[in-house]
Trainee: 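What follows is a single structure, and I will ask about it in a moment.
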Amino acid sequence: MRDIYNTLNSRQQEAVFHTEGPLLILAGAGSGKTRVLTHRIAYLIDEKGVNPWNILAITFTNKAASEMRERVDKIVGFGSESIWVSTFHSTCVRILRRHIDRLGYDNSFTIYDTDDQKTLMKDICRRLNVDTKIYKERSLLAQISHAKDELITPDEMEMNAAGDYNKKKVAAIYREYQTSLRKNNALDFDDLIVKTVELFQNCGDVLENYQERFKYIMVDEYQDTNTAQFKFVSLLASKYENLCVVGDDDQSIYKFRGANIGNILGFEHVFPDAAVIRLEQNYRSTQNILRAANEVIAHNTARKPKTLWTENQEGEKIHFRQFMNGYEEAEYVVGEIAGARREGKGMYKDFAVLYRTNAQSRLFEEKCLLANIPYKIVGGVNFYARKEIKDLLCYLKTIDNAKDDLAVRRIINVPKRGIGATTLSRVQDYADQMDISFYDALRVAEEIPSIGRSLSKIDGFVTFIQGLKSKAEAYTVRELLEEIIRLTGYVTELEAEDTEESRARIENIDELISKTEAYQEAGEERGEPATLSGFLEEIALIADIDSVDPDQDYVLLMTLHSAKGLEFPNVFLVGMEDGIFPSYMSIMSDDCSDLEEERRLCYVGITRAMKELTMTSARQRMIRGDVQYNKVSRFVREVPRELVDLGYKVEEKKPKISESLTGDSSLSKMRQVFAAKPFQATQFKVTKADSLDYQIGDTVRHVKFGVGVVKNIVEGGRDYEVTVDFDKVGVKKMFAGFAKLKKI
DNA sequence: GCCCGAAGTCTTTTT
DNA sequence: GACTTCGGGC
């Protein structure tokens, strides 16, 4: 046997060597569960002679999947590429792409994102004369999604409704929603799981096929599986029962999207033969951080009792600071990072700022920009949800799946083709009457009565799309996209607009183009054809966290939810205020388990930290336009006083901050900041351009600082250092790779 | 059919 | 505060 298993502790070894039958690994935060999983895979292949082809490992995010894949590649001798490592959603898509015709869908189905779902729901409400003042689209979709998480069909929902008028109405809307999805040959996120389960239940041969294929199944983050996902896994595993699930009930934070904590708490009931192994030694955090985490989570009642321990050093105390408002809070945090960086205490990527809601990112982003600190915001408005991106994607979707009415209707007038609402509703009526798709109705528009003058415009559009369709086969995705941009004049139009906004949009489009290129390359590497459907699918299933590149040196700003599974030497938990975190909703809720979920979220946050943890709060804060006064979060008070360092008085601290980092940065102050900053020589991996598209004397634009003139360019080891004199904020030095200056 | 400004709504968290 | 929707005017 190889000696790679010697580095594991005895509990971990036990988990690795237990290969047959159901196994539940209760893995506390930082207890090395990914190590266990990867070593377990290696052991299965190397020692047990299992064919890599027979192994399935499921994670929640693509990032987790690719990390696991990478680590498996490193320790598995051969054949690691045929191990199936992917997320629940991609796994299901791959299965459905091959077999969903058995359920009466077309195998080229489209995946609807939240935006698409909303548009569709709006449509349905209009059709069914539902008053959206009373039944909000959002809440309807939430109810439907929840039903799907629990594998409840429209029929079942109606039956459960009994005499309840409201519930019956929702059930009817749910039914109509499903019909529309099918008409559009589309699935929403939840359907991906639900339909796969349906497929398995209806087609025994398909299920058996996959049961034989996946003889060994592993599921990561098991505490976050919902009923549908559980059903999916247990169907797959029911033949061989070689199911290994890894999770931590204390880190269950996705109840709102249907995660059923019962799946982990009741695993031993469903699989009576299950072995249970606990991993309680933490390798990540200092003793103080771990003690704080243990103390906080101990306030929860619904949990499997356990206590993490570590052999690590005691470490520093938990820092807590309270500020007058959110600005000062952000200034402090960013100042601390800048300071630590200046003193050589770590790189930017060693720091993470974690908050409860996405909206809180803004202040930190602003301060980072002012301090010239590279950062990345994870989450918030999805890149692919931006208008210009969606427009172009809908062209691609139309080409890919002509049944997707939503996509066709979105682009029929983008750019303006002078086809109005009246015409569109006539086409829609005709399509409904004839029971054909919207696009097919357009193709036979001459048969539609009272279309009149618009006919020629519609014909123009149809010819245009048909032309693109005929090219789709031969073109790469990139070529197709560029053709669309050229023929529609999309970018030309934006260029003519010439505003701050339109320039940003063009930049986004450029990024989309490079994503098609990256997709092409990845396909070639894997030896898979880079199809249009494949590209659209990848985009639909991508999460923002997936784009975090561990080689890039930037501070990460994200929600606590996004931070799960990550670790950082230094963590800032900001906005620690009752009403923010725990959220107002959870405090007010009758169901005290809501508050417990928030506490688990806090536990997740604390345990992200390896060396240092800072919690901050503000006395007053702007929330949606008006000022709120919040108390310090109860979670802060649950950390034993002796573990906390309250620091100096805030008033004493302030001058030092404003000296270095306030917005009205006079030249001398900025110099101070930069003088002690030898960081261009260190690893600052922003890909260095071969040359810059501007030179000394050119006028350039910066996202935050506005317009300025380039004064100097110094070629550094990894990037160019550019000095710019800005109209508004004066002279600044910055790195070309990060500053993204645009010549104007 | 299209554009612009006023009013209304929202936010927890995400694949 | 930021984004979307709606209604009035052209």
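Lettering of chains follows the sequences in order, A, B, ..., and the numbering in each one begins at 1.
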Trainee: Find every protein N or O atom lying less than 3.5 Å from an N or O atom of nucleotides 13-15 of chain B, and list the pairs.
Mentor:
from   : atom 1 : to     : atom 2 : distance (Å)
B/dT13 : OP1    : A/N358 : N      : 3.1
B/dT13 : OP1    : A/N358 : ND2    : 3.4
B/dT13 : O4'    : A/R356 : NH2    : 3.4
B/dT13 : O2     : A/R356 : NH2    : 2.4
B/dT14 : OP1    : A/T559 : OG1    : 3.0
B/dT14 : OP1    : A/S562 : OG     : 3.2
B/dT14 : OP2    : A/N358 : ND2    : 3.4
B/dT15 : O3'    : A/F60  : O      : 3.2
B/dT15 : O2     : A/H89  : NE2    : 3.1

Trainee: Could you check how far CD1 of A/I623 sits from P of C/dA2, rounded to whole Å?
Mentor: 13 Å
Trainee: For A/L354 and B/dT12, give me the distance from atom CG to atom C1', rounded to whole Å.
Mentor: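 From A/L354 CG to B/dT12 C1': 15 Å.
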Trainee: Could you tell me the separation between the NZ atom of A/K118 and the P atom of C/dC3, rounded to a whole number of Å?
Mentor: 13 Å
Trainee: Flag the pair A/E638 and A/R599 as a salt bridge only when some basic side-chain nitrogen lies within less than 4.0 angstrom of an acidic carboxylate oxygen.
Mentor: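 A/R599 and A/E638: salt-bridged.
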Trainee: For a quick check, with a 4.0 angstrom heavy-atom cut-off, what is the B/S/- contact string for nucleotides 2-9 of chain B, read 5' to 3'?
Mentor: SS------
Trainee: Using the P atom on both, measure C/dT4 against B/dT13 and round to a whole Å.
Mentor: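 Those two atoms are separated by 15 Å.
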Trainee: How long is the line joining CG of A/L560 and P of B/dT11, in whole Å?
Mentor: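 Distance, rounded to whole Å: 19 Å.
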Trainee: Return the set of residues passing side-chain contact (heavy atoms from CB on, under 4.5 Å) with A/D546 (not counting sequence neighbours), or none when no residue passes.
Mentor: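 Applying side-chain contact (heavy atoms from CB on, under 4.5 Å) to A/D546 gives A/T61, A/N62, A/K63, A/I542, A/A543.
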Trainee: Among pairs that include at least one residue of residues 613-637 of chain A, which meet ring pair (Phe, Tyr, Trp, His ring centres under 6.0 Å), considering only residues two or more places apart or in two chains?
Mentor: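 Those involving residues 613-637 of chain A are A/F581-A/F635.
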Trainee: Using the test salt bridge (Lys or Arg N to Asp or Glu O under 4.0 Å), find all partners of A/D190 that sit at least two apart in sequence or belong to another chain.
Mentor: none
Trainee: Please name all residues satisfying ring pair (Phe, Tyr, Trp, His ring centres under 6.0 Å) with A/Y222, sequence neighbours left out, ordered by chain then number.
Mentor: A/F267
Trainee: Atom pairs, N/O to N/O, protein against nucleotides 4-10 of chain C, distance under 3.5 Å?
Mentor:
from  : atom 1 : to     : atom 2 : distance (Å)
C/dT5 : OP1    : A/K122 : NZ     : 2.5

Trainee: Report the residues that fulfil salt bridge (Lys or Arg N to Asp or Glu O under 4.0 Å) with A/R503, sequence neighbours left out, ordered by chain and then residue number.
Mentor: A/D498
Trainee: For A/R97, check side-chain contact (heavy atoms from CB on, under 4.5 Å) against everything at least two apart and list the hits.
Mentor: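 With sequence neighbours excluded, A/R97 shows a side-chain contact (heavy atoms from CB on, under 4.5 Å) to A/V93, A/F109, A/E537, given in chain and number order.
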Trainee: Is A/K515 close to A/F383 at the side-chain level, that is, under 4.5 Å between some pair of heavy atoms?
Mentor: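 Touching, per the 4.5 Å side-chain cut-off.
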Trainee: To the nearest Å, give me how far apart NZ (A/K255) and P (B/dT12) are.
Mentor: 15 Å
Trainee: List in chain and number order the residues that pass salt bridge (Lys or Arg N to Asp or Glu O under 4.0 Å) with A/E388, two or more places apart in sequence or in another chain; answer none if no residue qualifies.
Mentor: A/R505
Trainee: Not counting sequence neighbours, which residues clear side-chain contact (heavy atoms from CB on, under 4.5 Å) with A/N413? List them please.
Mentor: A/R417, A/I419
Trainee: Test of understanding: with salt bridge (Lys or Arg N to Asp or Glu O under 4.0 Å), list the residues that count as partners of A/D250, not counting sequence neighbours.
Mentor: A/R303, A/K306
